[in-house]
**Student:** 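Just passing along the structure, written as structure tokens.
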Number of protein chains: 2
Amino acid sequence: MNIDKIVAKISQFIEVKPEEFDTFMQFASVKQLKKNEIWEHEGDLGKLMGFVNNGILRQFYLKEGNEFTDQFYCEGDFVGNFVSYVKQKPSRSAIQALTDTELIVVSFDNVQKMYDLMPSMDRFGRLFAEQRLVEFSDRITSFLLDPPEERYRQLIEEKPNLLVDIPQYYIAQYLGIRPESLSRIRKRNKM
Amino acid sequence: MNIDKIVAKISQFIEVKPEEFDTFMQFASVKQLKKNEIWEHEGDLGKLMGFVNNGILRQFYLKEGNEFTDQFYCEGDFVGNFVSYVKQKPSRSAIQALTDTELIVVSFDNVQKMYDLMPSMDRFGRLFAEQRLVEFSDRITSFLLDPPEERYRQLIEEKPNLLVDIPQYYIAQYLGIRPESLSRIRKRNKM
DNA sequence: CCCATTTATTGACCCAAGTCAATGACTTTG
DNA sequence: CAAAGTCATTGACTTGGGTCAATAAATGGG
């Protein structure tokens, strides 16, 4: 199990002692996903948290036969049905690998155990949640302030690899528009 | 200083010992705001956190002469330029009281001190941030899945008092549409 | 390398929100 | 109470995204 990336990630937030990582790794396992494989299904209760060692995933909703992509998860991100877990309600969304993907997986129950065992974990959880909060807040603000065109520009600037690694219609779903409209936006602006 | 509501709020997340609340209150002060008064200005670095004892506030952005309301804060909510504080960058948004308002105010710096002094505070911060995260996530999902009409219906169901206490055009700003469009939506659906 | 499948583009048309301007309703206050 | 100001509604028109269908381009498996 290659833990370099997850060590680096957690160390961005708190100092971690080597023996704490040993504890962490006792709870962890590796999961390989093939392209297009569904990892967490709609209707599941969020039970697992993953760290993306490599690959891209998306979280999506179905409504009236259409798919809506809510989030992308890329290398270095934590992925999971957090909302379902926090609410303790079955998830309305599913999580799917868009490329071959490797995850380091820990159950939320074991994450809870770590919160109780390791004093620094609550702080990590807080700082991590605060950072996600800022990302979510920025996305909401962008829905209010920026037209789809501008949201597309920003997304591609932030995550240029999306454009090469996954079909455009997932990007359209994420922006809240139809693939045809994204195609026209790209044409209008020669992107 | 009436601390009943804030005690109740924090107790939803963690158990607090009376002496811990004493510590908390040493850091806190009360701030009265008049209707339409700006509490935090655009360009300020987020320095203060408030707890809404009563009243309604909004956080808003200016873009090309238009105002965009990003968040409402009602009785029992924590209000502040969290994003600016976390990023340590001047805020692009302002916070304004929409009715006469009473806040219990603590500086973010003192909140940090409490994180270090009181072991349970990191957990409170984590749980609180997790809950906000779920709210934000639901709002993003709603931007993707639901037309403005449906978002309006849900907002009014959740916070019916908004409709009586503040002008409709703030609600339109929050939904991401123009006041004229909200007026037409209400007419179409006899709301 | 070819064929089947998937993905992206384009066209024609529709509709809901945006824009601008005018009017109506309601509030505040001198 | 009258006048000013604020807020909501309505009308006429524009615009950009949605929808459906056809075609083109890219991809992947045999």
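Please read these numbers as outputs of a predicted model, since none were measured by experiment. Per chain, numbering begins at 1; letters A, B, ... match sequence-line order.
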**Student:** In whole Å, what is the span from the CD1 atom of A:I171 to the P atom of C:dT7?
**Tutor:** 13 Å
**Student:** Quickly work out the A:Q173 CD to C:dA8 C1' distance and round it to whole Å.
**Tutor:**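 Checked: the CD to C1' distance equals 14 Å.
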**Student:** Which residue lies toward the 5' end of DNA chain D, B:R186 or A:L182, if each is placed at its nearest nucleotide?
**Tutor:** B:R186
**Student:** Counting side-chain heavy atoms from C-beta on, which of C:dT10, D:dT19, C:dA17 comes nearest to A:R178?
**Tutor:**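 Among the listed nucleotides, the one closest to the side chain of A:R178 is D:dT19.
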**Student:** Tell me whether A:K31 at atom NZ has more than 12 heavy atoms from other residues, nucleotides or ligands lying less than 6.0 Å away.
**Tutor:**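 Open: at most 12 neighbouring heavy atoms sit under 6.0 Å from NZ of A:K31.
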**Student:** Are any of A:K187's side-chain N or O atoms less than 4.0 Å away from OP1 or OP2 of C:dT10?
**Tutor:**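 Answer yes for this pair, as a side-chain N or O of A:K187 is under 4.0 Å from OP1 or OP2.
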**Student:** Starting at atom CD1 of B:I177, determine the distance to atom P of D:dG17, rounded to an integer number of angstrom.
**Tutor:** 17 Å
**Student:** Can you figure out which of D:dT10, D:dC7, C:dA12 approaches the side chain of B:P167 most closely?
**Tutor:**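 Looking only at heavy atoms from C-beta outward on B:P167, the closest nucleotide is D:dC7.
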**Student:** Using whole Å, report how far CG of B:N36 lies from P of D:dG5.
**Tutor:**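 Going from B:N36 (CG) to D:dG5 (P), I get 16 Å.
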**Student:** Check the distance between C:dT28's C1' and B:K35's NZ and give it to me in whole angstrom.
**Tutor:**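 After rounding, the gap between these two atoms is 10 Å.
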**Student:** Mind calculating the distance between CE (B:M191) and P (D:dA8) to the nearest angstrom?
**Tutor:** 16 Å
**Student:** Name the residue closer to the 5' end of DNA chain D, choosing between B:Y169 and A:P148 according to the nucleotide with the nearest heavy atom.
**Tutor:**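 Closest to the 5' end, via its nearest nucleotide, is B:Y169.
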**Student:** Do you see a donor-acceptor pair shorter than 3.5 Å between the side chains of A:Q59 and A:N81?
**Tutor:** yes
**Student:** Out of C:dG11, D:dG17, C:dA16, which has the shortest distance to the side chain of A:R188?
**Tutor:** D:dG17
**Student:** Between D:dG16 atom C1' and A:E149 atom CD, what is the distance in whole Å?
**Tutor:**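 After rounding, the reported distance stands at 10 Å.
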**Student:** Give a yes/no on whether any side-chain N or O of A:S183 is located under 4.0 angstrom from OP1 or OP2 of C:dT9.
**Tutor:** yes
**Student:** Give the rounded distance in Å between these two atoms: CD1 of A:I166 and P of D:dA26.
**Tutor:**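 That distance rounds to 19 Å.
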**Student:** Measure from the side-chain N and O atoms of B:N66 to the backbone N and O of B:F68, and report whether any donor-acceptor pair falls under 3.5 Å.
**Tutor:**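 No.
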**Student:** Can you name the closest pair of heavy atoms from B:G76 and B:F51 and give their distance?
**Tutor:** O-CE1, 3.5 Å
**Student:** Would you check if there is a donor-acceptor pair between the side chains of A:Y85 and A:Q112 at a distance under 3.5 Å?
**Tutor:**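 Judged by distance alone, the side chains do pair up.
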**Student:** Nearest to the side chain of B:E180, heavy atoms from C-beta on, is which of D:dG17, D:dA21, C:dC20?
**Tutor:** C:dC20
**Student:** Nearest to the side chain of B:Q168 - D:dT9, C:dT19, C:dA12?
**Tutor:**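 The answer is D:dT9.
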